[in-house]
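Here's the structure, in structure tokens; my notes come after.
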Amino acid sequence: MKINIRVNGKMISDDVACDMLLLDFLRYHGFYSVKRGCETSNCGLCTVWLDNKPILSCSMLCAKCDGHEITTLEGLKKDAEAFAYFMANEGAEQCGFCSPGLIMNVLAMEKELQHPTEEMIKNYLAGNLCRCTGYMGQLRAITKYLNRHQGGKNEADQ
Amino acid sequence: MKQINKPTVKKDAYALLSGQPVFTEDLALKDCLVIKILRSPHAYAKILNIDTTIAMRIPGVEAIFTYKDVPSSRFTLAGQTYPEPSPYDRKILDQIVRYVGDEVALVVACNEETALKAMKLIKVEYEVYEPLLDFRKAIDNKIIVHNEDDYKLLCEIGNERLRNICSHDVTIYNDVDEIMRTCDIVLTRTYHTKANAQAMMETMRSFAYIDTYGRLSCVSSTQVPFHIRRILSNALEIPKSKIRVIKPRIGGGFGAKQTGCCEIFAAFVTWKLKKPSKIIYSREETFTASNSRHEMQMQVTIGASKDGIIQAIDLYTLSNTGAYGEHGSTTVGLSGHKSLPLYNHIKAARFSCDVVYTNTMTAGAYRGYGATQGQFAVESIVNELADELGIDPCELRFKNMVKENETMPMYYNEFLNSCALDRCLAKAMEMIDYKNKPLRVDLGDKVRGLGVAISMQGSGIANVDIAAVEIKLQDDGFYTLAIGATDMGTGCDTVLAQMAAECLECDVDQIVTQGVDTDFSPYDTGSYASATTYVTGMSVVKACNLLKHQIIDEASVLLNVEPEHISFDGKMIIAIEDDKAISLQEFANRCFAGGKGKVLIASASHVSPTSPPPFMAGIAEVDVDKLTGKISVNDYVAVVDCGTVINTNLARIQTEGGIAQGIGMALFEDISYTPKGMMRNNSFMQYKIPTRLDVGSIRVAFESSYEDNGPFGAKSIGEVVINTPSPAIASAVAHATGTYIRTLPITPQKVLLQKDED
Ligand code: FES
Ligand code: FES
């Protein structure tokens with residue numbers, strides 16, 4: 001079937017199998033930041049935005065995205081870089097395989113939640129698995145990132 | 001020191017954090033052939049017939065390979081130094097399948113969908129055998145897992161294949177039985193740790209192609225590229241000179257990728273068809289058909305005097321290697337050799353072990369490598385001893401723990417150069433305010449308990465691990481550092497560059513680390529056994545010092561001065577007496593300028609005669625819900641002695657990550673099988689790894705000793721960090737509830753029912 005999806009602001013028209021997953025579609029079109037870590041919608045590695053809301057691209061048919069807008073990490077250069085700075089300074093990306101999905105969800109959370117508590121952050125991101133870091137470094141990076149306008153940046157620089 | 005003990009940002013941080021295509025699957029050729037594997041539904045069977053005719057008719061199917069098509073040599077997938085102490089007990093495809101998931105046929109097609117369609121049309125006739133599933137019944141069972149005559153051993157490992165014994169060993173230090181008789185208290189307990197999945201986020205994957213020179217190139221997510229080259233050579237029966245293995249970024253390994261996996265399939269298909277191919281394991285395949293931690297059952301007897309001086313320990317470990325023997329004999333060794341030396345003042349010890357075959361998935365390497373299992377047993381019985389004697393568990397440890405400058409009879413008689421374990425424990429107690437907290441507090445609907453454990457590991461394998469590096473001075477005065485060690489997210493590309501920058505007195509950015517390509521990288525046994533920082537790090541120091549000498553010698557020629565007059569501060573090469581100076585940049589460019597120039601390259605390799613242990617102390621504060629039995633770890637404090645910390649951020653993250661994995665092992669992770677031998681936990685639905693809601697707060701600190709044999713005083717950190725959670729949490733739960741759970745994981749059911757086995 002024919003579909004038109006706007007990915008990171010650019011229209012992609014394609015003829016796809018009706019059961020093609022958005023994840024495979026995106027990787028096929030070169031959005032390699034999108035990773036697969038499971039087949040059971042448990043890991044969060046494949047997180048992208050559909051009309052600015054985070055979704056699991058492994059559980060979404062690309063046919064359903066026809067006429068919609070998808071954002072991947074490749075399309076978020078500036079915001080993603082700002083957060084990446086805090087992650088890098090904590091060393092909170094180890095293998096980095098889970099990072100794109102996490103970043104997509106953190107940036108979505110930032111838009112959605114006002115001044116989230118640690119508990120709220122943990123709950124929002126509970127679906128983003130990471131086997132390397134033990135999550136503590138990610139939490140430090142996220143907290144510092146969210147507080148960056150209150151001098152959090154200096155703290156991360158130390 | 002300018003570069004050591006700094007939170008240097010990882011060299012690959014921004015590439016990873018912006019989602020660059022740097023992993024195996026990202027690099028595979030877009031239209032290459034796709035391999036899917038038909039796997040055995042039976043735990044033990046012989047293939048009588050495979051009919052692929054109908055499957056082959058599907059358009060897009062390129063080939064289907066069965067046991068009839070592959071070379072007949074047996075080999076091991078264990079990524080270990082030759083001669084491997086793992087039996088050569090497997091083929092690329094075998095007529096006998098030995099566990100549910102064992103490979104039956106390789107389906108090669110233009111895409112995944114076609115391959116899967118064809119796979120369904122292959123007809124296989126099996127002669128199904130009764131499987132051997134319980135490793136406690138393996139020895140002398142009438143079912144023999146490896147009955148084949150072409151089974152091969154390269155090392156003496158106490159193997160008795162026909163009794164299902166993959167390996168056997170005994171280490172004795174003085175007369176344990178005699179010392180036990182003199183003890184005021186003797187306890188005997190049995191502990192059982194389960195198979196755990198490493199569960200790295202990137203599943204197993206490889207792709208292969210034929211290069212310009214007709215050689216086989218294999219790009220793979222592996223920790224051991226040089227071992228993979230040997231494994232492919234063994235499996236495909238082609239010379240190593242025809243094989244090149246490339247390691248891109250790896251999405252985690254934790255030991256899983258210290259064992260070969262799907263490389264043999266991609267390599268075989270590409271070599272046979274002379275076409276590029278890739279194989280990407282699903283999560284289910286990675287769970288059910290790669291490798292896991294060895295399940296172990298350990299019987300420990302401990303003897304002590306009334307005042308809590310431990311006199312003797314007797315440990316017997318039974319380990320399940322599953323269908324094939326990868327890492328069997330070596331992991332089990334660590335269960336004793338890295339647990340008993342913690343109590344080095346004992347007068348006698350005995351450690352005996354058997355590793356057995358069963359018809360379950362092969363076990364392999366997983367962070368901690370047997371030490372984790374052994375320490376669960378030994379640390380647990382020490383905790384139980386403390387409770388029996390009414391002595392505080394920390395106090396009991398201070399009375400008995402190993403100290404600096406001791407010789408360790410149960411640790412290959414090595415001398416302990418560096419050890420801050422006592423400081424680690426003291427600091428951990430301070431961090432959690434131990435002195436002011438009772439071991440048990442009733443909180444109404446919950447009970448809170450405290451539990452402690454100490455741990456050690458090694459730093460590389462003494463006299464076995466070898467690492468070489470090569471450093472070159474490039475134009476404009478930057479350096480390239482070629483290493484054979486594999487960064488799997490652990491950050492060794494950065495840590496080794498920090499060391500080089502420290503030696504050459506430059507910025508880390510001036511060192512370009514080159515990851516692994518067996519054609520271009522100097523040999524390194526690979527990233528496992530906590531070897532990289534310690535062993536490869538030493539080679540970096542050696543090579544950099546050589547290069548420095550070369551720079552001075554060459555500068556003396558170029559400047560026409562005595563080498564003794566020259567000093568080099570990383571930026572300027574100066575001969576004060578002669579009033580001459582040249583910047584490194586200009587010097588490097590002159591080196592490249594022909595005529596008088598000389599290209600400067602230094603290489604060095606290192607083998608360590610010892611494996612200095614890093615140490616750690618961990619204390620868990622755990623809440624148990626009285627009604628539901630739910631166990632939550634509120635607070636975990638850990639203090640590590642890894643010698644000098646090279647990268648403060650990465651060491652901390654390693655520790656936090658290891659503890660989180662340890663919490664998973666303690667509380668949820670449990671590979672189990674149906675009575676027919678099918679693995680129950682084949683997805684993240686059934687196999688729960690900790691989420692960020694499960695880890696409470698993990699707090700980490702360092703108490704460094706200084707290891708003379710390590711680079712800048714460093715030892716290892718990668719593995720020691722996973723060991724303390726299981727025993728510490730088990731003890732905390734026991735303090736809270738009065739029930740000692742000796743079979744992991746410690747589930748609410750076990751706690752509520754006060755029943756150990758499930
Ligand atoms: S790939 Fe695991 S949740 Fe989408
Ligand atoms: S950094 Fe490796 S899985 Fe998160």
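Chain letters run A, B, ... following the sequence lines, proteins first, then strands; residues in each count from 1.
Salt-bridge formation is not detected for the pair Lys688(B)/Glu669(B): no Lys NZ or Arg NE/NH1/NH2 atom is positioned less than 4.0 Å from an Asp or Glu carboxylate oxygen. By the 4.0 Å N-to-carboxylate-O rule, Lys35(A) lies close enough to Asp26(B) to be salt-bridged with it.
Both the backbone and the side chain of Ala88(A) come within contact range of chain B, each with at least one heavy atom under 4.5 Å from a heavy atom of that chain. Using a 4.5 Å cut-off between heavy atoms, Arg249(B) makes no contact with chain A at all. For Phe254(B), the part lying near chain A is the side chain, with the backbone staying farther off; criterion is any non-hydrogen pair under 4.5 Å. Of the two parts of Leu102(A), only the side chain, counted from C-beta on, holds a non-hydrogen atom closer than 4.5 Å to a non-hydrogen atom of chain B. For Ser282(B), the parts lying near chain A are the backbone and the side chain together; criterion is any non-hydrogen pair under 4.5 Å. With a 4.5 angstrom heavy-atom cutoff, Arg699(B) does not touch chain A via any of its atoms. The contact between Met201(B) and chain A is made by backbone and side chain atoms together, counting heavy-atom distances below 4.5 Å. In this structure, the portion of Ala197(B) lying under 4.5 Å from any heavy atom of chain A is its backbone and not its side chain. Both the backbone and the side chain of Glu93(A) come within contact range of chain B, with heavy atoms under 4.5 Å apart. Heavy atoms of Leu650(B) lying under 4.5 Å from chain A belong exclusively to its side chain.
Side-chain contact check for Gln198(B) and Asn291(B): at least one donor-acceptor pair (N or O, by modelled atom type) lies under 3.5 Å. Side chains of Gln20(B) and Tyr14(B): no donor on one and acceptor on the other come within 3.5 Å. If you check the side chains of Ser221(B) and Glu202(B), you find a donor sitting under 3.5 Å from an acceptor. Inspection of the Tyr366(B) and Thr372(B) side chains reveals no N or O donor paired with an N or O acceptor under 3.5 Å. A donor-acceptor contact closer than 3.5 angstrom is absent between the side chains of Asp623(B) and Ser632(B). Residues Thr532(B) and Ser527(B) bring a donor and an acceptor atom of their side chains to less than 3.5 Å of each other.
Each of Leu139(A), Ile103(A), Leu45(A), Leu125(A) has some count of heavy-atom pairs under 4.5 Å with chain B, and the biggest count is that of Leu125(A). Ranked by heavy-atom pairs under 4.5 Å with chain B, the list Gln138(A), Glu81(A), Arg140(A) is led by Arg140(A). Comparing Ser41(A), Cys98(A), Cys38(A) by heavy-atom pairs within less than 4.5 Å of chain B, the highest count is held by Cys38(A). Interface check for chain B: of the options Ala84(A), Pro100(A), Ser99(A), the most heavy-atom pairs under 4.5 Å are formed by Ala84(A). Of all the listed residues (Phe97(A), Tyr32(A), Tyr28(A)), the one sharing the greatest number of non-hydrogen pairs under 4.5 Å with chain B is Phe97(A). Contact count against chain A (heavy-atom pairs under 4.5 Å) is highest for Ile653(B) among Val9(B), Ile653(B), Val22(B). Top candidate by heavy-atom pairs under 4.5 Å with chain A, chosen from Ser683(B), Gly489(B), Ala660(B), Ser18(B), is Gly489(B). Interface summary for chain A: among Gly491(B), Gly664(B), Ser697(B), Gly657(B), the most heavy-atom pairs under 4.5 angstrom belong to Gly657(B).
Taking the centre and axis of the six-membered ring of Tyr281(B), the NZ or CZ atom of Arg36(A) falls outside the cone set by 45° and 6.0 Å.
Closest approach of Glu25(B) and Arg205(B) over heavy atoms only: OE1-NH1, 3.2 Å.
Under a 3.5 Å cut-off, the side chain of Glu69(A) and the backbone N or O of Asp51(A) do not form any donor-acceptor pair.
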